[in-house]
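In this chain, numbering begins with 1 at the start of the sequence shown. Bear in mind the structure is a predicted one, so any value in this text is a computation, not a measurement.
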Amino acid sequence: MFLKFQCYACLLVLVYSANGLSQTFDKPIFEIEKENYSQHYNSINYDYKSDTNIDVTYYKLDLNITYQPNFLIGNVNIKCKSLVNNLSSVFYDLSDNLSVDSVLSAKTSLSFNHSQNKILITLKNSVNQDQDLSINIFYHGVPVPTGYGSFAFGSHNGNQPAIWTLSEPFGSIDWFPCKNVPSDKCDSSDVWLRCSNELTGVSNGTLEEIQNNGDGSHTFKWHNSYPIVNYVISLAISNYTQYNSYYKYSASDSMPVYNFIYPENLENLKSQLDKTKTMLELFSSKFGLYPFIKEKYGHVEFGRIAGMENQTISSLGVFNDNIMAHELTHQWFGDKITCRNWENIWLNEGFATFGEAIYNEAVNGKTG
């Protein structure tokens with residue numbers, strides 16, 4: 001029987017020891033998460049449904065991101081299916097801190113109104129039930145982070161850029177237009193990240209291409225072929241060093257395990273990162289094969305002392321057994337299986353906390 005507690009799936013607030021050289025939990029993860037949930041309770045609108053007339057099927061984020069000056073230029077394609085007849089308008093969620101330049105469908109400009117964190121779009125022709133609709137939204141600005149740091153322009157090791165997202169629960173709209181509810185997964189997604197040649201852009205799924213733009217920038221084209229909810233679509237950009245291994249899940253098949261780590265930290269983290277394969281083997285034996293086996297799993301280092309279970313690429317600001325097992329368990333419970341509404345996020349957390357216990361028991365044996 002699970003203890004029903006309210007918490008966020010991602011936030012693992014860790015406390016540095018007095019000497020600053022190691023990280024320790026001074027209480028269980030679920031207690032820390034429950035406390036952080038309580039702090040933000042009044043800011044959460046559990047009844048929010050976004051546009052109930054549409055079912056989103058696809059997101060493509062084509063983003064040009066610069067650092068100093070910090071800026072984002074976006075072109076996001078959203079495909080959806082109408083759930084009603086005579087649909088004449090749709091709306092998507094996007095922070096008013098970003099400016100919408102234009103909205104197109106089939107190369108035709110559409111009229112829109114962007115206010116109260118919504119883009120209300122008037123269609124040229126009405127759409128009937130089960131018909132498809134494709135819209136491109138062009139926008140720009142400097143994202144203003146909310147919640148736990150939905151979009152951050154930061155740095156590490158002095159002045160090295162560190163740009164990252166942590167969108168749960170409602171922070172996706174701070175950096176891309178979307179239907180901002182956990183109940184509407186799209187069928188697939190693409191994230192294209194244009195950044196300086198000195199930096200690496202990391203996102204969900206598989207890296208299809210790195211395009212040299214010939215102007216001192218390159219574009220990382222990531223494709224995700226699995227259903228995904230908006231709050232685990234992610235990006236991270238920095239001068240990463242990549243550390244790879246492979247999870248061999250059958251006699252003839254293996255899946256890449258990619259780790260994108262700040263260069264100054266990699267040597268100290270290699271032995272810890274190597275535990276990922278053991279965790280994948282263990283949880284696949286308990287929960288069924290890793291759910292995104294055709295793509296990848298891995299970690300990307302980011303600028304918050306926390307963890308977030310972004311699909312196929314967990315973001316971590318600290319690395320130890322509990323947080324790594326926790327976020328990996330979320331790939332099954334939270335990412336593959338997602339709660340319909342935020343009241344039931346405790347289910348995600350219950351299983352992820354259970355995953356920590358499973359790993360500790362497997363490695364250390366039963367105690368007590």
Side-chain angles (χ1 to χ4, degrees), residues 7-14 23 25 28-30 32-33 164 166-168 202-206 224 226-229 231-234 236 242-249 254-261 269-302 304-339 345-364:
C7 54
Y8 284 141
C10 61
L11 196 69
L12 306 176
V13 178
L14 308 180
Q23 293 83 27
F25 293 106
I29 292 175
F30 72 85
I32 296 169
E33 291 186 332
W164 49 269
L166 195 166
S167 293
E168 187 177 309
V202 182
S203 190
N204 317 94
T206 57
N224 155 62
Y226 292 91
I228 190 170
V229 67
Y231 75 84
V232 296
I233 295 175
S234 67
Q242 189 170 341
Y243 179 57
N244 299 338
S245 61
Y246 292 87
Y247 163 48
K248 192 172 180 63
Y249 59 92
S254 61
M255 179 192 73
V257 178
Y258 295 152
N259 298 284
F260 299 88
I261 305 298
L269 288 176
K270 282 183 177 179
S271 60
Q272 183 65 32
L273 294 169
D274 288 342
K275 297 179 181 180
T276 308
K277 290 183 288 183
T278 301
M279 293 181 183
L280 280 162
E281 291 168 0
L282 175 64
F283 295 148
S284 289
S285 73
K286 301 294 185 183
F287 308 141
L289 187 62
Y290 172 73
F292 312 111
I293 199 69
K294 295 179 181 179
E295 296 186 345
K296 71 172 185 301
Y297 184 63
H299 308 93
V300 62
E301 192 168 6
F302 77 154
R304 188 175 180 88
I305 307 303
M308 178 62 202
E309 65 276 12
N310 297 313
Q311 191 160 304
T312 73
I313 186 75
S314 290
S315 297
L316 296 182
V318 66
F319 295 78
N320 60 35
D321 291 1
N322 281 343
I323 194 170
M324 288 172 62
H326 187 103
E327 304 307 334
L328 177 53
T329 304
H330 271 312
Q331 299 297 311
W332 283 266
F333 304 103
D335 292 3
K336 179 184 179 181
I337 302 171
T338 306
C339 57
I345 197 69
W346 66 274
L347 288 166
N348 295 13
E349 287 311 313
F351 278 106
T353 304
F354 185 44
E356 296 173 51
I358 290 173
Y359 179 74
N360 280 297
E361 181 179 276
V363 172
N364 302 316

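Taking both residues in full, the closest heavy atoms of Ser234 and Ile313 are given as OG-CG2, 4.1 Å, listed atom of the first, atom of the second, then distance. The nearest pair of heavy atoms linking Val300 to Ala236 is CG2-CB, 3.6 Å. Nearest approach of Val232 to Glu309, heavy atoms of both residues: CG1-O, 3.8 Å. In terms of heavy atoms, Ala325 sits closest to Gly355 at CB-O, 4.3 Å. The shortest non-hydrogen separation linking Cys339 to Ile345 is SG-CD1, 3.8 Å. Of all the heavy atoms in Lys336 and Phe292, the pair that sits closest is N-CZ, 3.8 Å.
For the side-chain contact (heavy atoms from CB on, under 4.5 Å) test with Tyr359, the passing option among Leu282, Asn364, Asn322, Leu328 is Leu282; the others fail.
Here Met324 contributes atom CE and Glu356 contributes atom CD; the two are 12.5 Å apart, rounded to the nearest 0.5 Å. To the nearest 0.5 Å, atom CG of residue Leu280 and atom CD1 of residue Ile293 are 7.5 Å apart. If you take CG on Leu316 and CE on Met308, they are separated by 11.5 Å, rounding to the nearest 0.5 Å. Atom CG of Asn204 is separated from atom CD of Glu295 by 8.5 Å, given to the nearest 0.5 angstrom. Taken from OH in Tyr231 to CG in Asn310, the straight-line distance is 10.0 Å, to the nearest 0.5 Å. A distance of 11.5 Å separates OG1 in Thr329 from CG in Asn348, rounded to the nearest 0.5 Å.
Side-chain contact between Phe351 and Trp332: absent, with no pair of heavy atoms (C-beta onward) separated by less than 4.5 Å. Looking at Val257 and His299, their side chains never come closer than 4.5 Å, going by heavy atoms from C-beta outward.
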Would Thr312 and Tyr226 count as a side chain to side chain donor-acceptor pair (under 3.5 Å) if you check the C-alpha gap in whole Å, the side-chain angles of each, and the deciding distance to 0.1 Å? CA-CA 10 Å; Thr312 73; Tyr226 292 91; over 6 Å; no
Test Glu281 against Lys248 for side chain to side chain contact (heavy atoms under 4.5 Å, CB included), laying out the working first. CA-CA 9 Å; Glu281 291 168 0; Lys248 192 172 180 63; over 6 Å; no
Given side chain to side chain contact (heavy atoms under 4.5 Å, CB included), test Asp274 with Tyr243 step by step and report yes or no. CA-CA 10 Å; Asp274 288 342; Tyr243 179 57; 2.8 Å; yes
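Within 6.0 Å of NZ on Lys294 lie no more than 12 heavy atoms contributed by other residues, nucleotides or ligands. Atom NZ of Lys286 sits in a sparse spot, with 12 or fewer heavy atoms from other residues, nucleotides or ligands closer than 6.0 Å.
Distance alone, capped at 3.5 Å, is enough to place a donor-acceptor pair between the Gln311 side chain and the Pro227 backbone. When atom types are taken as modelled, the side chain of Lys296 and the backbone of Gly205 share a donor-acceptor pair closer than 3.5 angstrom. Within the 3.5 Å criterion, the main-chain N or O of Leu273 finds a donor-acceptor partner in the side chain of Thr276. Looking at Trp164, its side chain never comes within 3.5 Å of a backbone N or O of Arg304 through a donor-acceptor pair.
Remark: aromatic rings of Tyr297 and Tyr290 are close, center separation under 6.0 Å. Note: Phe287 and Phe333 meet the aromatic proximity criterion, with ring centroids under 6.0 Å apart.
In summary, the side chains of Asn259 and Glu301 do not present any donor paired with an acceptor at a separation below 3.5 Å, with no hydrogens or angles considered.
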